[in-house]
Amino acid sequence: MIAPRRVSFDWERTPLHWIPDEPTATHVINVLHLLLPAGERWFVKVFKEALPLVAEPGLLKDVKGFMGQEATHSVQHSHVLDHLAAQRLETEPYTRHVDYLFEKLLGERPPFGIRLSAREWLRFRLAIVAAIEQFTAVLGDWVLHAEGLDRAEADEVMLDLLRWHGAEEVEHRAVAFDMYQHCGGTGLPRYARRIEGMVVVTPVLLWLWIWGTSYLIRHDPELGGRLRYALREHNKAVAKGLLPTWGQLGSAIPRYLRRSYHPSQEGSLRRAVEYLATSPAARSAAGAIGRAALS
């Protein structure tokens with residue numbers, strides 16, 4: 001059953017460079033914290049709009065569980081932004097643009113007076129969510145297997161956040177896709193809109209990630225302007241297993257474009273469930289629920 005886990009994390013001892021001596025890798029991953037609070041709040045808003053269209057009880061149950069998980073992700077990544085601010089790395093000059101993207105450009109009505117019916121606009125945004133979730137499932141599976149982060153002695157709390165989140169992304173990997181398929185019409189138009197969603201998401205996500213990494217490195221108070229984001233440094237981190245390879249990310253696109261594709265093919269659900277059973281944050285949340293039930 002897909003359901004939110006009421007986790008919490010203590011950031012007091014987490015350093016700014018939580019992968020020791022790896023500021024580029026640290027900030028490439030930190031872009032998640034810049035994008036996800038607004039992005040996952042938006043996921044929930046779009047799904048709330050579409051809930052009345054869901055006629056299948058099983059899908060409706062999964063969608064509500066998905067919404068609860070995504071809302072929890074948004075809150076926990078927001079706490080990381082507070083932690084970065086406490087370490088003198090302000091993120092608001094970047095995140096206000098992310099807020100504008102999701103709240104205005106992808107809000108309840110089409111921007112710039114674009115003439116599109118409410119139904120078609122909702123279907124387009126559901127296609128965007130499904131395309132983004134393709135990448136989050138790939139990233140979630142990657143971080144669950146990223147032994148390079150363990151070898152680098154990455155901060156345990158941050159690693160637990162990323163792996164708890166990644167495991168839940170694998171756990172609900174098919175929900176956004178199934179929601180789109182259910183609400184997105186039929187036949188070729190539905191498939192074409194799914195492709196359109198990926199065509200829009202891929203370059204925008206790449207641009208936001210490069211911009212976000214550049215912003216974090218440039219404003220990092222411990223670096224003092226001595227470093228800039230460089231593809232060479234990024235690739236060095238990839239070679240160490242600290243970041244996913246370009247092939248792992250890029251190959252997710254042609255898989256998604258296959259007409260017969262379904263996200264249940266992505267990642268290892270067994271690995272995700274195993275991690276959720278051992279995650280310090282998830283275990284603490286489960287224990288709190290158990291104690292509440294007994295009281």
Side-chain angles (χ1 to χ4, degrees), residues 2-5 7 28-47 62-63 65-78 80 98 101-102 106 125-146 149 158-181 194 197-209 212-213 243-257 261-269 271-273 275-276 279 282:
I2 298 170
R5 298 166 177 85
V7 298
V28 169
I29 297 177
N30 277 347
V31 174
L32 286 168
H33 312 309
L34 302 181
L35 300 179
L36 293 178
E40 295 192 302
R41 283 196 306 270
W42 177 76
F43 289 0
V44 174
K45 289 179 181 178
V46 173
F47 273 37
D62 285 346
V63 166
F66 172 92
M67 292 167 65
Q69 287 188 345
E70 297 292 47
T72 304
H73 299 167
S74 175
V75 169
Q76 295 305 325
H77 286 279
S78 294
V80 180
V98 179
L101 168 65
F102 288 110
L106 292 171
R125 287 180 295 147
L126 287 172
I128 294 293
V129 177
I132 295 173
E133 283 290 297
Q134 170 73 352
F135 288 113
T136 59
V138 170
L139 290 172
D141 190 62
W142 171 79
V143 78
L144 288 171
H145 294 85
L149 292 172
M158 185 66 78
L159 204 50
D160 188 32
L161 168 71
L162 295 172
R163 286 178 170 162
W164 155 76
H165 186 169
E168 290 198 342
E169 290 298 329
V170 174
E171 185 180 43
H172 69 226
R173 59 196 168 180
V175 175
F177 184 92
D178 290 343
M179 182 68 158
Y180 171 73
Q181 292 292 100
R194 172 157 70 88
M198 181 58 77
V199 168
V200 171
V201 163
T202 300
V204 171
L205 201 55
L206 179 62
W207 172 64
L208 286 171
W209 222 290
T213 305
L243 297 173
T245 69
W246 297 108
Q248 287 172 311
L249 297 172
S251 62
I253 300 170
R255 288 199 303 274
Y256 187 82
L257 299 183
Y261 176 77
H262 190 266
S264 57
Q265 304 164 23
E266 294 295 340
S268 169
L269 183 59
R271 184 64 174 262
V273 171
Y275 185 77
L276 290 170
S279 159

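Residue indices begin at 1 and follow the sequence shown.
- Residues A176 and F47 share a closest heavy-atom pair of CA-CZ, 3.8 Å.
- Between A146 and R163 the shortest heavy-atom distance is O-NH2, 2.9 Å.
- Taking OG1 of T136 as the reference point, atom CD of E169 lies at 3.5 Å (rounded to 0.5 Å).
- Of all non-hydrogen atoms in P37 and L32, the two that sit nearest each other are CD-O, 4.2 Å.
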Quiz prompt | side chain to side chain contact (heavy atoms under 4.5 Å, CB included) between I128 and Y180, intermediate numbers included | solution = CA-CA 9 Å; I128 294 293; Y180 171 73; over 6 Å; no
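- Two residues are said to be in side-chain contact when any heavy atoms from C-beta on lie closer than 4.5 Å; L161 and H77 meet this criterion.
- In this structure, a donor-acceptor pair under 3.5 Å is present between the side chains of E133 and H172.
- Inter-residue side-chain proximity for E168 and L276 is flagged as met; some heavy-atom pair is nearer than 4.5 Å.
- Expressed to the nearest 0.5 Å, how far CG of L144 lies from CG of L162 amounts to 10.0 Å.
- Between W164 and T72, some side-chain heavy-atom pair lies under the 4.5 Å cut-off.
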Quiz item: Does the side chain to side chain contact (heavy atoms under 4.5 Å, CB included) test come out yes or no for Q76 and V7, once each step is laid out?
Solution: CA-CA 8 Å; Q76 295 305 325; V7 298; 4.0 Å; yes
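- Side-chain atoms of R194 come within 3.5 Å of backbone N or O of Y256 as a donor-acceptor pair.
- Qualifying side chain to side chain contact (heavy atoms under 4.5 Å, CB included) partners for P244, counting only residues two or more places apart in sequence or in other chains: L139, W142, Q248, L249.
- The main-chain N or O of E266 is found under 3.5 Å from a side-chain atom of R173 such that the two form a donor-acceptor pair.
- In this structure the side chain of Y261 reaches within 4.5 angstrom of the side chain of Q134, judged on heavy atoms.
- Taking CZ from R41 and CG from L36, the interatomic distance works out to 10.5 Å, rounded to the nearest 0.5 Å.
- Classification of the F66-F43 ring pair by plane angle, with boundaries at 30° and 60°, yields parallel.
- Judged by distance alone, the side chain of D141 and the main-chain N or O of S268 form a donor-acceptor pair under 3.5 Å.
- The structure places NE2 of H165 at 5.5 Å from CD of E70, a figure rounded to the nearest 0.5 Å.
- The heavy-atom pair separating A174 from P263 by the smallest distance is CA-CB, 3.9 Å.
- Separation of atoms CE (M179) and CG (L126) is listed at 6.0 Å; rounding is to 0.5 Å.
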Below 3.5 Å, can you tabulate the donor-acceptor pairs from side chains in residues 199-209 to any protein atom, sequence neighbours excluded?
from : atom 1 : to   : atom 2 : distance (Å)
T202 : OG1    : M198 : O      : 3.0
W209 : NE1    : V28  : O      : 2.7

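- Looking at H73 and Q69, their side chains never bring a donor and an acceptor atom within 3.5 Å of each other.
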